[in-house]
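Heads up: the structure comes next, in C-alpha cells.
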Amino acid sequence: MAEANGAVIFSADRLQLSIGIQKLLDDAAISVHANEKIGLVGRNGCGKSSFLKILASVGELDEGNIIFRNNIKIGYLPQEFAIDETKTIYENIESGAAEMVALLAEYENNDTITDVRHHEIEQILNNCNGWDLNNQIEQLVVNLKIPDVSRPAKELSGGEKRRVALAKTLIGKPDLLLLDEPTNHLDTESIEWLEGYLNNTAKCCIIITHDRYFLDRVCNRIVELSFGQFYSYDGNYSDFMIQKAEREHALDRQHERREKFLRAEIEWVRKSPKARTARNQGRLKKFFEVAAEKAPPKDYDVQLVIPEASKLGNKIVNLENVSIMRGEKQLLKDFSYEFEKGCKIGIVGPNGCGKTTLLSLITGNLAANDGTVFVADTVEFNYIDQQRVQLNNELTVFEEIGEGNDYVEVGNHKVSVWTYLKRFLFTDERIKTMVGYLSGGERARLALAKIIKKGGNFLILDEPTNDLDLSTLRMLEEALVEYTGCLIIVSHDRYFLNRICDSIIAFEGDENPIFEVGNYDYYKEKFDRRQKNKLAQIQAKQAQKTSQSVKNNANNDKNDGKKVRKLKWKEERELESIEEEILLKEDRVSEIEELFSMTDFFEKYGDSVADLQSELTTLNSEIEGMYSRWEFLESIKNGEVFED
C-alpha cells in the first residue's frame, strides 16, 4: 500500500496514551502515506480525537514515537475550535493562510529582498497558487455558505463559526489535513461540495466523521481504533464493513479452536495420571501457554429500545394555510400539510431555510402569523432539539438518569438505572463518573438515554446524528425503523435519511417546501432532474432568441466557410416524435408516483415495490437521455450546428 500511495507522511509506533484507567492507545502503530484519504473510525471515547490532537501537537503521548516527513505543514479542524472574535470573518479565514500572506507582503517589498529570495518566493507561491488567495477565499465563502465576510466574527452563530473555522483550515493548503467532524453544521449541498474538494486535492487527509456517505465517497482507506490498536482496511466505508466482518469471523473461528483445544486438554489432565510425568511436561506447557492467551476483545452494541408508541387517532397534526415570517424573510406562505399515522418524514434544506422553525410550529413552541395548526389530544411529542437536553455536570451519570430513583420507567416497564445505562455501554466505573468528565461521545449517548426513556408517539429529531459514533447510529436506525409512531427527522446525514424515511419534505428556495414520497436518494434524483429541466428551458429560450441571427450569418467569414448542418430525414421524423415519447414516459412516471403517494399503497402494491422502483429509475434515466437528444436535434434545426 505504501508504494501505491506515495511517500510516507508520518509513521508512529509504540504509542501509549491513557486517561485514568482507560487505555486509548496501547502499544499502537500506524503509517500514513501521501495522497491517502483516511477515515478514522471507532467508538465514542476510544481516542480518535485525542490521536488527532497529538498529530496536531496540541496533545501529548504518554510514550511512543511519531516521525513526520521534513517540513510538513499540518492543518487541523478540532471538534472544539476557536476563532478570533475581535476580527472580521474574512480576517479569520485569511489567518489560515498566514504564511502565504507573509510571502506576498515580502514579495511586494522589492527593496529589501535579494533576487534569489525573490525567485524562491515566486516558486513557493506558484506551487500553492498563492497569487490567487482572495479568489480562493471567496470560493470557500460561497461554497460553505458563510455570511458577509466583513461582519465581526462575534456576531456569528455556533454553526456559522464552525464553517469559518473549516474555511480557515482549508485555505492554508496543508500537506496533512486533520478534520474532526467536518460535516457538522453543513447542509447537504456544502457537504457534497466538500466531498468534491477533498477528492480533487492531492493532499493527505485523516477524517473523523459519522457521515457514511462521506466516508464512502472520499476515503480510500479506513483505519479503526479499537481497544488501543489501529486496524487498517483498504477501500471506503462499505469495503471496511465487509473486511471487518471477515476479520472478526476469522478471530471467532480461531477463538473457537482455542476453546476446543483447552476443553480437550483439561479433560486429558483430569483423567490421565500420565499428564504429570516428565515426558508430558511439554504438552502441559503448551496447554498453559494457550490458556494464558487473551480472547479477542469484543465490541458490544448499544441496546437501544424506544418505548412502544401509544395509539393515535385518524387526525394527528394538520397544518392549514400556515404563513410565518422571520424578520423580513417569508419562511412559509399558505403552507398546508397533513401528517398521517406511522409516517417517517425527513426534512431537508439549506441552513436557515426554516426547518427548525417548522418543527417549532408543529410542537406549538412558535405561533404562525396566519393559518391554523391542529394537534390531536392523543399526540405526545418527544422533541430532541439541536442542543439536546441540558446535562448537569455536577451529577454522576447514575444521578442524571435516575433523577433520585433507582429505577427508570421505559414505556410500561421498570428497569434499574444500572441496567438501563449498561444498555448504552456505560461501564460500572463510568456510571459513577461525574457528567462533567465524560467525553463528547459519552455525553451524546447519555443525552440519548435521557430522551429515549420519555417515549411519546410523535418523535421529532433535529440533527440526531451529531456526535454519535457509527455503531450507535446503526442501533438508533434499527430502533427508528421498528418505531410505530410518527417520526420527523431533520438531518444532513443522507445515509440516515435513506435508511429510515419513507418521504421527504424539502426546502428548495424561496417557495414553500415540497413533498416527495420515497427516500432521500429518490428525492435527490427528482431534484436534479427538475434543475436540469429548468436549465434546459432557459437554454432553449436563449437559443430561440439567437437562432435567427445564427441562420443569417451561417455562411459568413466568421464560420470559416462551413455550411450549416441540416437535419436528415430520419432525424426530422425523430424530432417530430420525441416530444410525444417524452410526454408518454413522464405520464407513466406520474402514475407510479401517484401510486407511491396512496395511503394504502403498501397494502395494495407491497409485493411490487421493487419492480415499480426499478421501472421508475429506468424511466427517469431514459427521459434524461431523450431530453439531451431533443436539445441536440433542436440545435441542428435552429442552425447552430455546422458540418465538419
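Values reported hereafter were calculated over all heavy atoms of this structure, with side chains retained and with hydrogens, waters and symmetry mates removed.
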Original post:
Does some side-chain heavy atom of L52 sit less than 4.5 Å from a side-chain heavy atom of V58?
Top reply: no
Tightest non-hydrogen contact, residues T465 and S491, listed as OG1-OG, 4.1 Å
Nearest heavy-atom approach of R163 to K145 is NH2-O, 3.1 Å
| task | Taking atom CD of E189 as the centre, report whether more than 12 heavy atoms of other residues, nucleotides or ligands fall under 6.0 Å from it. | result | no
One should read off an interatomic distance between L198 CG and I207 CD1, to the nearest 0.5 angstrom, of 5.0 Å
Tightest non-hydrogen contact, residues H210 and L470, listed as O-CD2, 3.2 Å
Mind checking whether Y233 and Y231 have ring centres under 6.0 Å apart? no
| field | Note: D180-K53 ion pair, threshold 4.0 Å (strictly below) | value | no
When rounded to the nearest 0.5 Å, the distance separating CD1 of I38 from CG of N220 is 7.5 Å
Check: Can K524 and D528 be counted as an ion pair, charged N to O under 4.0 angstrom?
Finding: yes
Less than 3.5 Å apart, any donor N or O on the side chain of D84 or T86 sitting next to an acceptor on the other?
yes
Heavy-atom closest pair (I9 atom, C204 atom, distance to 0.1 Å) is CG1-CB, 4.2 Å
Here the pair of heavy atoms bringing L156 nearest to K161 is O-CE, 3.4 Å
Q: Taking the side chain as every heavy atom from C-beta outward, state whether L166 and L144 have any atom pair closer than 4.5 Å.
A: yes
Q. Does I89 reach the side chain of D148, with side-chain heavy atoms less than 4.5 Å apart?
A. no
Does E508 pair with K526 as a salt bridge, N-O distance under 4.0 Å? no
With sequence neighbours left out, the residues meeting side chain to side chain donor-acceptor pair (under 3.5 Å) with E622 are K585
One should read off an interatomic distance between I54 CD1 and S49 OG, to the nearest 0.5 angstrom, of 11.0 Å
Validation row: L140, I146 side chains within 4.5 angstrom (heavy atoms) = no
Rounded to the nearest 0.5 Å, the CG atom of L487 sits from the CD1 atom of I460 at a distance of 9.0 Å
Q. How far apart are the C-alpha atoms of T88 and S150, what are their side-chain angles, what is the distance that settles it, and do they pass the side-chain contact (heavy atoms from CB on, under 4.5 Å) test?
A. CA-CA 6 Å; T88 65; S150 63; 5.7 Å; no
Across all chains, not counting sequence neighbours, the side chain to side chain donor-acceptor pair (under 3.5 Å) partners of Y237 are R474
Step-by-step side-chain contact (heavy atoms from CB on, under 4.5 Å) determination, I171 to L133:
CA-CA 8 Å; I171 196 64; L133 181 60; 3.8 Å; yes
- For N620 and R529, does a side-chain donor sit closer than 3.5 Å to a side-chain acceptor? yes
For E160, the side chain to side chain donor-acceptor pair (under 3.5 Å) test, sequence neighbours excluded, returns S157
Between N369 and S323, do the side chains contain an N or O donor and an N or O acceptor separated by less than 3.5 Å?
no
Checklist line | Verdict with reasoning, K73 to E99, per side-chain contact (heavy atoms from CB on, under 4.5 Å) | finding: CA-CA 11 Å; K73 184 179 180 182; E99 182 181 340; 3.7 Å; yes
By ring-ring contact (aromatic ring centres under 6.0 Å, His included), F68 pairs with (sequence neighbours left out) F10
query: Side chains of I505 and I514: does their closest heavy-atom pair fall under 4.5 Å?
result: no
Review point. Any donor-acceptor pair under 3.5 Å linking the side chain of K344 with the backbone of C486?
Key: no
Taken in chain and number order and not counting sequence neighbours, the residues that satisfy salt bridge (Lys or Arg N to Asp or Glu O under 4.0 Å) with E120 are R117
inquiry  = Under the criterion side-chain hydrogen bond (donor to acceptor under 3.5 Å, both in side chains), I'd like the reasoning laid out for T356 against D462: C-alpha separation, chi angles, the key distance, then a yes or no.
reply    = CA-CA 7 Å; T356 301; D462 195 354; 3.0 Å; yes
Residue pairs meeting ring pair (Phe, Tyr, Trp, His ring centres under 6.0 Å), one or both in residues 137-176, sequence neighbours left out, come to none
Can a donor-acceptor pair be found, under 3.5 Å and without considering hydrogens, that links the side chain of N512 to the backbone of K333? yes
Parallel, tilted or perpendicular: rings of F230 and F51 (30°, 60°): tilted
Flag side-chain contact, heavy atom, 4.5 Å: D334 against V322: no
Residues passing the side chain to side chain donor-acceptor pair (under 3.5 Å) test with S190, sequence neighbours excluded, are D187
Exercise for the section: Could you check if a side-chain atom of L179 sits within less than 4.5 angstrom of a side-chain atom of I208, using non-hydrogen atoms only? Expected result: no
When Q243, R43, K48, K244 are each screened for side chain to side chain donor-acceptor pair (under 3.5 Å) with E224, the one that passes is K244
Report task. Decide yes or no on side-chain hydrogen bond (donor to acceptor under 3.5 Å, both in side chains) for D493 and Y520, but give the supporting numbers first. Result -> CA-CA 10 Å; D493 189 324; Y520 176 80; over 6 Å; no
**Prompt:** Should L332 and F507 be marked as a side-chain contact (heavy atoms from CB on, under 4.5 Å) after you check the CA-CA gap, both sets of side-chain angles, and the distance that decides it?
**Reply:** CA-CA 10 Å; L332 295 171; F507 288 79; 4.1 Å; yes
Sorted by chain and residue number, the ring-ring contact (aromatic ring centres under 6.0 Å, His included) partners of F81 (sequence neighbours excluded) come out as none
**Q.** Side-chain heavy-atom pair Y383, N365 within 4.5 angstrom cut-off
**A.** yes
R162 meets the salt bridge (Lys or Arg N to Asp or Glu O under 4.0 Å) criterion, sequence neighbours left out, with none
Result for side chain to side chain donor-acceptor pair (under 3.5 Å) between Y213 and one of T183, T188, N236, D521 points to D521
Residues at least two apart in sequence or cross-chain that pass ring-ring contact (aromatic ring centres under 6.0 Å, His included) with F335, listed by chain then number, are none
request  = Using atom types as modelled and distance alone, determine if a side-chain donor or acceptor of E624 lies under 3.5 Å from a backbone N or O of S621.
outcome  = no
One should read off an interatomic distance between R221 CZ and D234 CG, to the nearest 0.5 angstrom, of 7.5 Å
With sequence neighbours left out, the residues meeting salt bridge (Lys or Arg N to Asp or Glu O under 4.0 Å) with E122 are none
Closest heavy-atom pair, P174 versus L177, reported as atoms and distance to 0.1 Å, is CG-CD1, 3.6 Å
One should read off an interatomic distance between D216 CG and D239 CG, to the nearest 0.5 angstrom, of 7.5 Å
Residues at least two apart in sequence or cross-chain that pass ring-ring contact (aromatic ring centres under 6.0 Å, His included) with F496, listed by chain then number, are none
